[in-house]
Amino acid sequence: MIKRSTLRSQIAVALRDEILAGRLATGRDFTVKEIAEQYGVSATPVREALVDLAAQGLLDVEQHRGFRVHEFTLADYRAMCEARELVVDGVFRGVEGAAEGAAEAPDGALRGAASAPAGGPGASAGGEAVSSGGEAVSVGRAVARRAFGGLGPEVVRSVRRRADAAERAARAGDLDVLIAYDLRYWRELSGLLGNPYVCDFLDRLRVQCWVYAVPVLRRHASLRGRLWSGHNALLDAVESGDARAAREVVAAYNRHALAQVGADGAAPPPEGEPGGE
């Protein structure tokens with residue numbers, strides 16, 4: 001027997017995928033009864049799933065009428081891309097600053113703090129490394145320790161599989177397949193930060209960005225050469241600990257995200273250029 005919580009989650013995922021694919025179009029109204037009949041289940045788990053999706057910003061609650069797929073505007077999309085860039089660039093900037101601080105430290109003091117386990121020598125009572133370099137470097141070292149320290153061979157192989165699949169789909173212009181692997185790729189990569197709040201925030205932004213971008217992208221007869229395929233380039237930079245290179249890839253990714261929907265007033269980068277295919 002399927003537990004109600006599991007059914008609720010399954011319905012939420014299925015509906016989210018319908019929204020991402022554009023089959024549940026933005027602005028469409030529907031009721032709990034309609035969805036329950038569509039999936040052949042009772043109203044309770046459907047209502048719970050719809051409330052979950054509303055909390056994720058994908059649905060609007062229409063009082064006494066049901067739900068509506070949220071309509072994101074171009075201004076929303078720009079703001080979401082900006083928020084995403086600020087967080088991701090901030091993470092890599094912190095890692096980059098930590099690396100520079102460690103390189104300048106005498107007797108490898110900061111290097112030791114950066115690699116020390118939480119609670120060990122060079123850590124504060126809260127488990128974060130501290131140094132005379134200041135709080136920002138301390139936070140950066142903590143992020144570096146969690147993220148780069150979690151890059152074992154199995155983790156890299158898993159993220160690499162997502163990256164390979166996402167890039168194949170991007171080059172082929174297969175939007176549905178790309179979205180599925182792109183979201184998994186970023187979730188696994190963000191999960192290395194060891195901060196579930198940052199990971200959930202970024203995942204929500206990516207889903208919302210795709211919801212806006214999909215109908216815009218589907219207006220093109222072909223998406224070959226229009227979709228970002230820098231997943232492996234970013235993973236290479238992260239795997240090698242090159243925060244500066246990672247920031248450059250992320251910057252190209254965000255420029256492309258704006259360009260592919262015309263949010264910057266320019267066409268997306270052509271094949272072969274940074275951010276292009």
Side-chain angles (χ1 to χ4, degrees), residues 12-13 15-29 52-62 67-92 166-167 169-170 173-187 189-190 197-231 234 247-270 273-277:
V13 169
L15 288 173
R16 191 201 67 169
D17 290 345
E18 292 288 296
I19 295 171
L20 280 168
R23 289 185 288 271
L24 268 179
T26 57
R28 175 178 167 180
D29 296 303
D52 289 344
L53 292 176
Q56 294 170 29
L58 300 181
L59 299 178
D60 298 324
V61 180
E62 301 284 297
F67 295 82
R68 171 178 291 184
V69 180
H70 184 76
E71 295 185 71
F72 293 101
T73 65
L74 181 58
D76 291 331
Y77 184 79
R78 285 196 180 106
M80 290 186 292
C81 288
E82 180 182 3
R84 185 178 66 190
E85 181 174 11
L86 285 171
V87 173
V88 177
D89 184 73
V91 168
F92 286 119
E167 290 190 359
D174 191 332
L175 192 56
D176 291 337
V177 174
L178 169 61
I179 292 172
Y181 282 107
D182 181 77
L183 290 174
R184 292 175 193 171
Y185 166 85
W186 284 105
R187 271 198 298 269
L189 202 60
S190 300
Y197 295 98
V198 172
C199 187
D200 289 347
F201 174 71
L202 291 174
D203 186 55
R204 176 181 297 193
L205 284 180
R206 293 189 197 288
V207 171
Q208 292 176 345
C209 282
W210 274 122
V211 170
Y212 175 82
V214 165
V216 177
L217 292 171
R218 290 203 190 281
R219 296 172 191 164
H220 299 285
S222 173
L223 290 174
R224 289 179 181 272
R226 291 184 175 272
L227 303 173
W228 186 75
S229 60
H231 303 76
L234 179 56
R247 288 181 59 207
E248 291 174 356
V249 175
V250 169
Y253 165 65
N254 284 303
R255 288 194 301 270
H256 186 275
L258 293 171
Q260 71 179 356
V261 299
D264 65 345
E273 290 190 10
E277 300 307 302

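Side chains included, hydrogens not; waters and symmetry mates left out as well; all remaining heavy atoms used.
D17 pairs by the salt bridge (Lys or Arg N to Asp or Glu O under 4.0 Å) definition with nothing, not counting sequence neighbours. Listed by chain and residue number, F201, L205 satisfy the side-chain contact (heavy atoms from CB on, under 4.5 Å) test with A83 (two or more places apart in sequence, or in another chain). Checked against salt bridge (Lys or Arg N to Asp or Glu O under 4.0 Å), R16 has no partners two or more places apart in sequence or in another chain.
Judged by distance alone, with hydrogens and angles left aside, the side-chain atoms of Q260 form no donor-acceptor pair with the main-chain N or O of V216 at under 3.5 Å. No donor-acceptor pair under 3.5 Å is formed between the side chain of R226 and the backbone N or O of L217.
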Test log, rule salt bridge (charged side-chain N to carboxylate O under 4.0 Å, His left out), inputs D89 and R247: CA-CA 6 Å; D89 184 73; R247 288 181 59 207; 2.9 Å; yes
Evaluation steps, side chain to side chain contact (heavy atoms under 4.5 Å, CB included), between L183 and L20: CA-CA 11 Å; L183 290 174; L20 280 168; 3.9 Å; yes
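In this structure, the separation between OH on Y212 and OG1 on T26 is 10.0 Å, given to the nearest 0.5 Å. The structure places CZ of R204 at 12.5 Å from SG of C199, a figure rounded to the nearest 0.5 Å. Residue C209 holds its SG atom at 11.5 Å from CD1 of I179, rounded to the nearest 0.5 Å. For the atom pair CG of L53 and CZ of F67, the computed distance is 9.0 Å after rounding to the nearest 0.5 Å. W228 CH2 to N254 CG: the interatomic distance, rounded to the nearest 0.5 Å, is 9.0 Å. The distance from the CD1 atom of I19 to the CD atom of Q208 is 11.0 Å, given to the nearest 0.5 Å.
The two residues A166 and L178 come nearest to each other via the heavy atoms O-CD1, 3.3 Å. Of all heavy-atom pairs between L234 and W186, the closest is CD2-CH2, 3.3 Å. Considering every non-hydrogen atom in both R28 and R23, the closest pair reads NH1-O, 4.0 Å. Across all non-hydrogen atoms, the minimal contact from A257 to Y77 is O-OH, 2.7 Å. For the residue pair A54 and V61, the shortest heavy atom distance occurs at CB-CG2, 4.1 Å. Across every non-hydrogen atom of H70 and G57, the tightest pair is CB-O, 3.6 Å.
The closest side-chain heavy-atom distance from R187 to R184 is below 4.5 Å. By the 4.5 Å heavy-atom criterion applied to side chains, W210 and L175 are counted as neighbours. Side-chain atoms of D29 and E62, non-hydrogen and from C-beta on, do get closer than 4.5 Å to each other. Under the 4.5 Å side-chain criterion, counting only non-hydrogen atoms from C-beta, V69 is not in contact with L58. With a 4.5 Å cut-off on side-chain heavy atoms, D76 and T73 count as touching.
Summarising the local packing, OH of Y181 is surrounded by 12 or fewer heavy atoms from other residues, nucleotides or ligands at distances under 6.0 Å.
In this structure, H231 and Y185 have perpendicular ring planes: the angle between them is above 60°, well past the 30° mark.
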